[in-house]
J.: 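Sending over a structure as structure tokens; questions will come in a sec.
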Amino acid sequence: MLAFIIKRLANAVFVMLSVTFLAFVIFTAVGDPVDQMLNEQATQAQRDDLRERLGLDDPFLVQYAKFVGRAAQGDFGISFRNQQDVLTMIGERFPATFELVLVATLISLVVGVPMGVITAIRRQTWYAEAMQFTSIIGVSLPSFVVGIGLILVFSVWLGWFPAFGRGETVDLGWWTTGLLTPSGRMSIILPALSLSLFQITLVMRLVRAEMLEVLRSDFIKFARSRGIPARSIHFRHALRNCLMPVVTMTAMQIGGLIAFALVTETVFQWPGMGLLFIQAVTFVDVPIMAAYLCIVALIFVALNAIVDMTYAVIDPRLKGADA
Amino acid sequence: MMAQPIAASKEPEAATPALDVSGLSVEFPSRRGTLLAIDDVSMQIAPGEILGVVGESGAGKSITGLAVLGLLESPGRISGGAIHVGGRRVDTLSEKELTKVRGREMGAIFQDPLTALNPLFTVGKQLVETIRLHSGMSKEAANDRALALLQSVGIPAPRERLRQYPHQFSGGMRQRVVIALALAAGPRLIIADEPTTALDVSIQAQITALLRKLCDETGVGIMLVTHDMGVIAETADRVCVMYSGRVVESGPVAEVIHNPQHPYTKGLMAAIPSLHDRVETLAQIDGSMPRLNARPTGCAFHPRCPHAGPKCSAATPPLVSVGVTRSACWLQQGGTQ
């Protein structure tokens with residue numbers, strides 16, 4: 001187990017180094033940051049001074065090493081646009097994105113897993129067929145269309161939910177949450193639903209396929225021959241054997257959802273990291289873009305590691321050396 | 001700890017057979033007509049008796065077992081006859097009622113012990129679940145019974161084994177666990193479908209000996225489905241030879257082996273290699289069993305039978321007593337002409 005963890009960590013470090021390298025190349029390739037940081041009337045002396053302070057005269061690899069060293073301590077520099085600390089800016093936006101992704105993931109599991117089980121065990125019924133059919137729509141609609149559609153129906157026509165923003169938030173000191181206020185909860189529903197629609201379909205189809213596979217297996221037949229009731233067969237014996245790929249996919253997709261959230265956050269003007277990134281792109285605010293890239297990569301890598309650890313909990317065969 | 005009695009605590013009814021199948025037919029509706037997989041099959045198993053059901057692949061042995069358990073895969077369905085387990089008719093029960101009968105009255109052992117156990121639950125958990133489902137015992141009592149069951153199927157260090165997962169058991173040990181699970185609620189009947197086929201030869205003998213022992217000790221009736229005459233010869237009391245969905249011969253094992261009546265059985269026996277007579281080539285029955293959609297008229301065996309006459313393709317011979325065995329062949333019923 002220790003060797004496994006060490007290998008896992010080494011792997012993660014390598015991935016992170018690659019990503020920071022890429023981020024750094026972007027950082028340096030987009031142009032001389034000094035031009036963007038000083039105004040046109042700056043003297044050459046001022047320029048040289050800034051170059052010196054930013055360490056831009058060092059060789060490439062030294063600069064990279066310094067970048068990694070600072071990034072590892074959470075220092076991504078300051079935003080070109082409003083001279084604020086990048087990590088603070090992202091930190092302020094992170095809770096919004098995280099809550100959005102969390103709620104979307106919960107929705108996709110709570111709705112997707114039962115739908116998958118139902119479509120698998122009640123294959124010939126009209127409602128299972130209907131779910132199957134609707135799921136095709138869920139897969140094929142682009143998320144900005146879904147978002148705009150939801151806004152049109154539920155905000156503009158019905159007026160049930162706010163069309164944009166996060167509502168009131170509560171500042172917990174290290175975290176701002178919208179989940180504790182009524183307007184915050186109302187605001188998160190539409191964007192989370194829009195973000196989770198694709199996810200629901202994915203979870204449902206995966207659970208259905210896995211269930212059909214598991215229900216054919218010998219141990220299900222043997223369990224039935226022992227008189228285990230259908231409910232226990234389906235939800236205890238079969239579903240648990242389906243959960244591995246679902247856990248993998250859900251966790252992997254959290255990274256994907258953060259990426260997808262770019263679109264959703266733009267459509268709903270959700271003040272998260274994605275919106276910040278889109279704004280940074282329009283202003284060529286390289287430090288923010290680089291930091292966003294590193295943080296999303298870190299989330300991906302961390303999720304990967306957590307998924308591997310979770311396997312050991314769900315499936316005893318992967319635990320210990322005798323696996 | 002003291003081994004608790006494993007035997008079913010049901011009142012012994014000497015006259016009631018563990019299994020009574022009469023005139024069973026199973027059909028599979030398909031687009032190109034209905035296929036008759038089992039045609040008018042009857043068999044009885046007394047408590048404490050092992051009935052070997054032997055035949056080639058596709059003869060309908062496993063289907064018969066699944067029909068008894070009510071586990072026929074759709075669209076297969078019972079189209080005729082009756083099945084009684086311990087005197088209770090089971091083929092007319094609803095799925096819900098069947099769930100209560102399965103495990104408690106009848107159990108099953110399947111071919112591959114490697115895939116028969118849920119990999120995500122400990123052996124103890126699976127045993128306790130099954131025991132409590134049928135007995136309503138407390139967790140502690142069920143745990144004690146699980147321990148006794150593992151002991152009775154010959155698993156060493158059962159207390160430690162209860163906490164282990166199926167993947168920590170060898171194939172033979174897993175089949176012992178499967179047997180313990182099938183016995184968990186003290187059923188009257190066990191359908192053992194090729195229980196030794198997936199095991200090493202050395203383990204096979206242990207498992208058949210175990211089945212024999214449990215049968216004698218607990219009075220459970222066993223339907224031993226196999227294509228291996230050797231297993232039947234060692235284990236079974238009586239044997240039932242099936243061919244293309246019908247019983248062609250049945251009787252006491254020794255009698256059927258040494259004095260087979262039906263030409264198909266004779267062919268089967270001749271195909272068993274013997275240690276005493278060294279031969280260059282093994283005897284075999286030419287041809288293969290007909291497919292369900294191309295079953296010959298009359299006796300289904302007649303195209304391969306060396307004694308076939310005109311009568312064989314015209315009418316299906318009934319199963320009649322010939323000495324102590326029963327055989328379905330015109331040869332013993334006035335000739336094939």
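All values reported here derive from a predicted model rather than from experimental measurement. In what follows, chains carry the letters A, B, and so on, assigned in the order in which the sequence lines appear, proteins first and then strands, with residues in each chain numbered from 1.
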J.: Taking A/Thr119's backbone N and O only, do any of them form a donor-acceptor pair with A/Arg208's side chain (distance below 3.5 Å, no angle check)?
T.: yes

J.: Taking B/Arg161 for the side chain and B/Val123 for the main chain, is one N or O donor matched with an acceptor at less than 3.5 Å?
T.: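 No; zero donor-acceptor contacts below 3.5 Å.
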
J.: Identify which part of B/Val178 has an atom lying under 4.5 Å from any heavy atom of chain A, answering side chain, backbone, both or neither.
T.: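 Both parts, backbone and side chain.
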
J.: How close do B/Thr235 and B/Thr208 get, heavy atom to heavy atom, and via which atoms?
T.: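 The pair with the smallest heavy-atom distance is OG1-CB, 3.4 Å.
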
J.: Of all of B/Leu98, B/Leu66, B/Asp112, B/Thr99, which one pairs up most often with chain A through heavy atoms under 4.5 Å apart?
T.: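 So the answer, after comparing B/Leu98, B/Leu66, B/Asp112, B/Thr99, is B/Thr99.
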
J.: Chain A heavy atoms under 4.5 Å from B/Leu181: which part of the residue, side chain, backbone, both or neither?
T.: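 Contact with chain A is through both the backbone and side chain of B/Leu181.
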
J.: Based on non-hydrogen pairs under 4.5 Å, which of B/Met106, B/Glu129, B/Lys96, B/Lys100 is most in contact with chain A?
T.: B/Glu129

J.: Distance alone, cut at 3.5 Å: any donor-acceptor contact between the side chains of A/Ser196 and A/Gln199?
T.: no

J.: Compare all side-chain heavy atoms of A/Val246 with those of A/Glu210 and state whether any distance is below 4.5 angstrom.
T.: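 No, their side chains stay 4.5 Å or more apart.
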
J.: Against chain A, work out which of B/Thr115, B/Asn118, B/Ile191 has the most heavy-atom pairs shorter than 4.5 Å and name it.
T.: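 Most pairs with chain A among the choices: B/Asn118.
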
J.: Is B/Leu133 in contact with chain A via its backbone, its side chain, both, or neither, using a 4.5 Å heavy-atom distance?
T.: side chain

J.: Just so I understand: if I count every heavy-atom pair under 4.5 Å between each of A/Ala238, A/Gly227, A/Ser217, A/Ala223 and chain B, which residue has the most?
T.: A/Gly227

J.: Measure distances from B/Gln111 to the heavy atoms of chain A and classify the residue's part below 4.5 Å as side chain, backbone, both or neither.
T.: neither

J.: Any ion pair linking B/Glu95 and A/Arg224 (charged N to carboxylate O, less than 4.0 Å)?
T.: yes

